[in-house]
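Please read all numbers here as calculations on a predicted model, not as lab measurements.
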Amino acid sequence: MQRSRYSLLVISILFCQYSLFAQSARMREDFDNNWTFHLGEAANAKASEFDDASWRKLNLPHDWSIELPFDSTSPTNNSGGCLRGGLGWYRKTFTVPATDKGKIIFIDFDGVYRNSEVFINGHSLGMRPNGFISFRYELSQFLNYGGKNVIAVKVDNSQQPNSRWYSGSGIYRNVWLVKTGTTNIENWGTYVTTPSVSASSAKVTVTTSLTGTGEYCDVTTTILNAAGAPVGTQTQKGLHIGSLQTLPQTFSIGSPVLWSLENPYLYKAVTKVMSKGKLTDEYTTNFGIRSYKFDVDKGFFLNGKQVKIVGVCNHHDLGCLGTAINTRALERQLQILKGMGVNGIRTSHNPPAPELLDLCDKMGFIVMDEAFDMWKHRKVDFDYSKDFDEWYKQDLKDQVLRDRNHPSVFIWSLGNEIPEQHGKDGDTTGMALLREMQRIVRSLDDRPTVTANNHTDDNNQLLKSGIADLIGYNYNQGIWMPEHVQKKWGRKPFIVTESVSALQSRGHYDQPSDSMRVWPQRWDAPLKGANADFTCSAYENCYTPWGSSHLTTLKAFLKYESVSGMFVWTGFDYIGEPTPYPWPARSSYFGIVDLAGFPKDVYYLYQSLFTTKNVLHLFPHWNWKPGQTIDMWAYYNNADEVELFINGKSQGIRKKTGDDLYVMWRVPFEAGKVEAISKKNGKAVATQVIKTAGEPAKLIVQADRSAIKGDGKDLSFVTVKVVDAAGNLVPDAANEIQFKVSGAGFIAGVDNGCQTSLESFKGSQHKAFNGLCLAVVQSNGKPGVIKLQAQAAGLAGASIDITGK
Ligand code: GAL
């Protein structure tokens, strides 16, 4: 005991000493601010001397497509959200101090959509077709030290269509400037593994890739716990770093705190390179210590505990912000999803922004990190299949190198519904490609791989090959039973890579005639009949022919222990793919949460199943025609029964029996008040009251956070509710809301979650949809109060103060 305390003290002293040098060793600077932008081609814009004085000044991340009007003639069509792509140029002028001479200087792009070419002082550094991959260029040899330098980036998203969903356009993720000494740690140059993990100890290996020009150096890695205290250190002295070299260092961590969904505990490995007594580089790797396995019969285990992966698929847009990455917007999405009991994210169908994985590490999510939506065979005319042959090896390698230290990443998905799965006429291309991809992944990491297959017939080349580690099905909910899966593909663990695809518009309820009152319904139902406005009933009613309702899917999911997890299509609505609706529909209906972040009713079904919180969710609203027959549904948990009252009169008690997931009353409408009370052993657990709302009278504004960082990036999401004089939400209110902002912020976006709204996401006004509207307020980089006012003709307005600190 004494000895280990003493050694920790020594480690602490050593670490503090090294920390003193730290500032100068590696600098990673946020390079997002002060760019200029031009939409369209600009001759010679790559040249340093080009005059960009008339160009728009902006800060990254930036998505130019989200600023354009919805356009029914856009070649992106409504799969791409009817927002145009195009070609754009970005430039940034910056100075590099003369004292940086001799340093190695890089520029890192987290993602540019797409076909980017980067120039420094007129020299082309390279091109990158893939819009979702992170990449780096070295600048050192082209820089003017002590003078002016110009980075120019050409982004070409003009060939359309190139995506099945809204892609956004531009430098939509963060950009970084990195400076190191000559002996340095490679890009994504550490690899942390935890080959053995138990409650009493964990073995941790940190393998570092180093490059240099022949110096001798000492490499020290220190492991810090979440409180920042060192818990282990290793030094290798006198390494001669002439060319790329890897150095493994192994640690034994006593009584490790394991990374879990409930306690996503993070350690740090801080690696320092000392040469000739000077620190030349320092690199920090966040990691978690956890063990996991996929079992053929019993599904997924994390730290020895069986866990069902309740996941959702999400695309990368952030609603009205477009695809321009914003950490707070991502965090809000994850908080909303966590609140309904989701513990898994599939980054469909591409590598995500690194910030998403950082958040999943911190918040405790299981990530399926996906590489591609297609391989050689195209899905739309100008998609990545054109670049696949030349780039897939590099792109996959870079994805795995970048993401493999994240404790939240558990599965590599090598492709979604890959056309090569079919292997028509004996074509074995798919198998050969999968073999090569498996080889690439395995050479870098040992996490399991999967492909997301929608065709499960005997000819599926990818499943038949047995190459990927997990069997992955999209949909096919009728055949998830282990007998079936294992008979076909052998005893391999099984995961549902994608499920459901049900359609809903938040707050919209059809009450068809009694003869049609059959829930759930296939998707042709809303196309006919009452849905000429292309809203889709938020009852649990409507799904694609390949999908299944949430209810049916959940029943199958819960029934088979061998189903290790599933990823519902989708957590959030996303821009594009409003299947099956035509223009003016321009965003999807698949989300459990709408595009603005407002939960649809089915959110509470998941919450009732996968959280411990007391849930009682009664719907729909209580504004109907006198005498009209209404289905009132309730999702609930932690209770034996629910009783419904209309204006104080009981409508009966309902209990879920068998595998029921909800209860229902069919009642005549009578204006006033409907109330549900759930009870356990006769004692009330939860109550919900809905009142018939009168005419819209006023607005209520509520911010998700009234204090934000004054850093130019942080956001406050402000919900506006249209209510009657008594404060009841008016369930069909569509009032136009005018926003005014003053002080230290601006409006980054407005939305209402309606899939057919053609109002701009970037305006300062927006209609409410079924009573709700959203304004996203962003700090302008200065501390101070931001005042947001919301007004609507004929209604009492409201305002809120948000403090940027
Ligand atoms: C799936 C596909 C998704 C999405 C979904 C819509 O087959 O993998 O990308 O298109 O259908 O239902």
Side-chain angles (χ1 to χ4, degrees), residues 1-23 25-26 28 180 184-210 217-237 239 245-260 263-274 279-292 302-303 354 357-358 360-362 364 401-410 445-447:
M1 189 63 183
Q2 280 299 345
R3 254 188 71 187
S4 74
R5 267 203 201 140
Y6 174 73
S7 56
L8 281 182
L9 182 71
V10 172
I11 296 169
S12 303
I13 293 169
L14 278 174
F15 186 73
C16 289
Q17 282 181 344
Y18 279 158
S19 301
L20 293 178
F21 294 97
Q23 279 89 347
R26 169 178 286 242
R28 187 167 185 259
T180 71
N184 62 75
I185 297 163
E186 277 282 278
N187 196 20
W188 311 310
T190 57
Y191 182 36
V192 183
T193 56
T194 51
S196 70
V197 176
S198 73
S200 57
S201 91
K203 192 172 160 197
V204 174
T205 300
V206 181
T207 304
T208 306
S209 301
L210 299 139
C217 68
D218 301 342
V219 179
T220 299
T221 298
T222 305
I223 308 289
L224 305 178
N225 66 16
V231 292
T233 196
Q234 294 282 333
T235 300
Q236 254 68 33
K237 285 187 180 283
L239 291 170
Q245 187 168 323
T246 55
L247 169 70
Q249 294 174 305
T250 300
F251 304 81
S252 177
I253 308 292
S255 308
V257 183
L258 302 188
W259 185 95
S260 66
N263 181 24
Y265 190 94
L266 295 176
Y267 289 87
K268 277 185 197 331
V270 180
T271 306
K272 299 184 182 208
V273 184
M274 298 282 293
L279 192 64
T280 68
D281 200 5
E282 175 180 344
Y283 194 86
T284 299
T285 313
N286 292 324
F287 70 97
I289 299 176
R290 80 279 191 276
S291 66
Y292 69 94
L302 181 58
N303 303 323
L357 298 180
D358 292 339
C360 288
D361 290 347
K362 279 189 212 149
L401 280 176
R402 192 197 68 171
D403 294 349
R404 65 184 177 167
N405 291 322
H406 286 280
S408 58
V409 174
F410 283 83
D445 189 48
D446 63 3
R447 286 176 178 80

query = Does any non-hydrogen side-chain atom of L239 lie less than 4.5 Å from one of L247?
reply = yes
Worked verdict on Y191 versus D445 for side chain to side chain contact (heavy atoms under 4.5 Å, CB included) = CA-CA 9 Å; Y191 182 36; D445 189 48; 2.5 Å; yes
query = Can you tell if the side chain of N263 reaches within under 4.5 Å of the side chain of V257, non-hydrogen atoms only?
reply = yes
task = Taking the side chain as every heavy atom from C-beta outward, state whether N286 and Y267 have any pair of such atoms under 4.5 Å apart.
result = no
task = May I ask you to test the T193-F287 pair for a side-chain heavy-atom distance under 4.5 Å?
result = no
Partners meeting side chain to side chain donor-acceptor pair (under 3.5 Å) with D361 (sequence neighbours left out) = H406, S408
ask   = Which atoms form the tightest heavy-atom contact between W188 and R404, and what is the distance?
value = O-NH2, 4.4 Å
ask   = Within a strict 4.5 Å, meaning less than it, do heavy atoms of the L279 and V273 side chains meet?
value = no
A199 versus P256, closest heavy-atom pair with distance = O-CD, 3.4 Å
ask   = Under 4.0 Å between a Lys/Arg side-chain N and an Asp/Glu carboxylate O for D281 and R26?
value = yes
key: Residue that, paired with T271, satisfies side chain to side chain donor-acceptor pair (under 3.5 Å) out of T190, T220, T221   = T221
remark   = Note: R290 and V409 closest approach over all heavy atoms is NH2-O, 3.2 Å
key: Shortest non-hydrogen contact from L266 toward K362   = CD1-CG, 4.0 Å
key: Within-4.5 Å side-chain heavy-atom neighbours: I223 and T233   = no
query = If you look at every heavy atom in L357 and R402, which pair is closest and at what distance?
reply = CD1-NH2, 4.3 Å
query = Do any pairs count as a side chain to side chain donor-acceptor pair (under 3.5 Å) and have a residue in residues 197-209, sequence neighbours left out, and if so which ones?
reply = S198-S200
task = Could you check if a side-chain atom of Y265 sits within less than 4.5 angstrom of a side-chain atom of L258, using non-hydrogen atoms only?
result = no
query = With side chains defined as the heavy atoms from C-beta onward, is the minimum distance between T285 and V206 less than 4.5 Å?
reply = no
ask   = Between Y283 and N184, does a side-chain hydrogen bond (donor to acceptor under 3.5 Å, both in side chains) hold up when you go through it step by step?
value = CA-CA 9 Å; Y283 194 86; N184 62 75; over 6 Å; no
request  = Could you check K272, K268, R28 and say which one makes a side chain to side chain contact (heavy atoms under 4.5 Å, CB included) with T284?
outcome  = K268
request  = Classify the ring geometry between F410 and W259 as parallel (under 30°), tilted (30 to 60°) or perpendicular (over 60°).
outcome  = tilted
